[in-house]
Amino acid sequence: TELDFPPETLYLTSPRVVATCHEEVLRTALCAMPRLDTIIILDSKNFGVPWVIFATILSTPQLRVFESRGRIHRAFDRLAEPPYQSFAPLRAFRYVPDHIDTPVRIGPIEKRMLVILLEQVSVTLETLVLPSESVPLRLMSLWEWPNLRELRLRGDSRPIHRCRTPLVSV
């Protein structure tokens with residue numbers, strides 16, 4: 001059933017609860033909120049979100065803004081291709097891992113998750129915020145970014161300095 005006053009922004013402050021949710025239940029709940037266009041995950045404990053839940057959230061048709069303050073991947077999860085063909089046409093994707101006490105360590109699975117997502121949404125994104133350690137610059141240089149107005153890379157700049165791919169080409 002539709003909510004009487006559906007929210008435009010949904011804050012998920014307990015990723016552990018979200019992680020235990022079945023993806024079909026979550027998909028149904030999110031689609032029942034037609035005005036929902038922003039989801040923000042606040043994961044202060046850095047538990048991470050299972051890939052299937054992450055992909056379910058990002059495939060919500062009306063979603064335009066996604067932000068994660070905390071890990072988008074659980075270290076013990078395996079990556080499987082999403083069971084659906086496309087993600088929502090996001091305008092903004094902000095991934096800011098909480099790494100005040102310890103440096104961010106982005107593994108190959110998390111990088112692959114971002115490649116799968118960014119390859120699909122590059123044509124609609126206006127804002128992209130990522131940890132510099134996770135930026136797939138070589139691949140990103142192959143994609144079209146016609147609407148991108150803001151690109152913020154946060155964190156250690158060494159991975160970017162080692163890359164021979166230019167950040168900007170005109």
Side-chain angles (χ1 to χ4, degrees), residues 7-15 18-19 30 35-51 53-75 77 79 82 86-170:
E8 294 175 1
T9 302
L10 178 63
Y11 290 89
L12 300 173
T13 58
S14 182
V18 174
L30 294 174
R35 291 181 33 208
L36 177 70
D37 69 353
T38 301
I39 294 179
I40 299 171
I41 295 178
L42 305 171
D43 183 6
S44 62
K45 304 284 186 195
N46 276 323
F47 291 122
V49 178
W51 166 246
I53 298 300
F54 180 72
T56 298
I57 290 169
L58 293 173
S59 68
T60 304
Q62 69 275 24
L63 188 66
R64 296 298 175 264
V65 177
F66 177 83
E67 181 172 334
S68 178
R69 297 181 191 170
R71 303 309 300 253
I72 59 170
H73 174 255
R74 294 187 309 176
D77 275 349
L79 178 65
S86 63
F87 294 114
L90 296 177
R91 289 190 321 263
F93 181 84
R94 297 179 190 94
Y95 173 34
V96 183
D98 186 17
H99 60 283
I100 294 170
D101 299 329
T102 58
V104 159
R105 290 206 172 118
I106 307 290
I109 292 176
E110 190 164 318
K111 287 181 184 179
R112 180 69 183 133
M113 286 171 63
L114 289 170
V115 166
I116 291 169
L117 170 70
L118 294 176
E119 184 175 22
Q120 286 192 36
V121 300
S122 66
V123 295
T124 60
L125 277 180
E126 298 170 11
T127 301
L128 178 60
V129 178
L130 292 172
S132 58
E133 297 84 359
S134 70
V135 177
L137 283 177
R138 287 187 185 94
L139 290 172
M140 287 174 65
S141 70
L142 302 174
W143 305 328
E144 296 292 321
W145 301 87
N147 298 307
L148 193 64
R149 303 290 177 258
E150 178 183 357
L151 173 63
R152 277 194 258 163
L153 306 177
R154 301 170 49 112
D156 188 356
S157 63
R158 286 178 290 185
I160 295 171
H161 288 301
R162 288 191 299 255
C163 183
R164 296 173 194 225
T165 304
L167 280 178
V168 178
S169 63
V170 181

Validation row: [X], [Y] side chains within 4.5 angstrom (heavy atoms):
X	Y	result
Trp145	Leu125	yes
Phe93	Leu114	yes
Val123	Pro146	yes
Phe87	Leu63	no
Val65	Leu90	no
Thr38	Gln62	no
Leu36	Leu30	yes
Phe66	Phe54	yes

Salt bridge (Lys or Arg N to Asp or Glu O under 4.0 Å) contacts in which one or both residues fall within residues 142-152, not counting sequence neighbours: Glu150-Arg152

How long is the straight-line distance from [atom2] of [Y] back to [atom1] of [X], given to the nearest 0.5 Å?
X	Y	atom1	atom2	value
Ser132	Arg154	OG	CZ	10.0 Å
Leu153	Leu151	CG	CG	4.5 Å
Glu67	Ile40	CD	CD1	5.0 Å
Leu58	Ser68	CG	OG	9.5 Å
Arg94	Leu130	CZ	CG	11.5 Å
Ser122	Leu139	OG	CG	11.0 Å

Partners meeting side chain to side chain contact (heavy atoms under 4.5 Å, CB included) with Pro89 (sequence neighbours left out): Arg64, Thr124

Under 3.5 Å, side chain of Asn147 to main-chain N/O of Arg91, donor-acceptor pair present? no

Start with the C-alpha distance between Trp143 and Leu118, add both sets of side-chain angles, then the distance that settles side chain to side chain contact (heavy atoms under 4.5 Å, CB included), and finish with yes or no. CA-CA 9 Å; Trp143 305 328; Leu118 294 176; 3.6 Å; yes

Note: Lys111 and Glu133 closest approach over all heavy atoms is CE-O, 3.3 Å

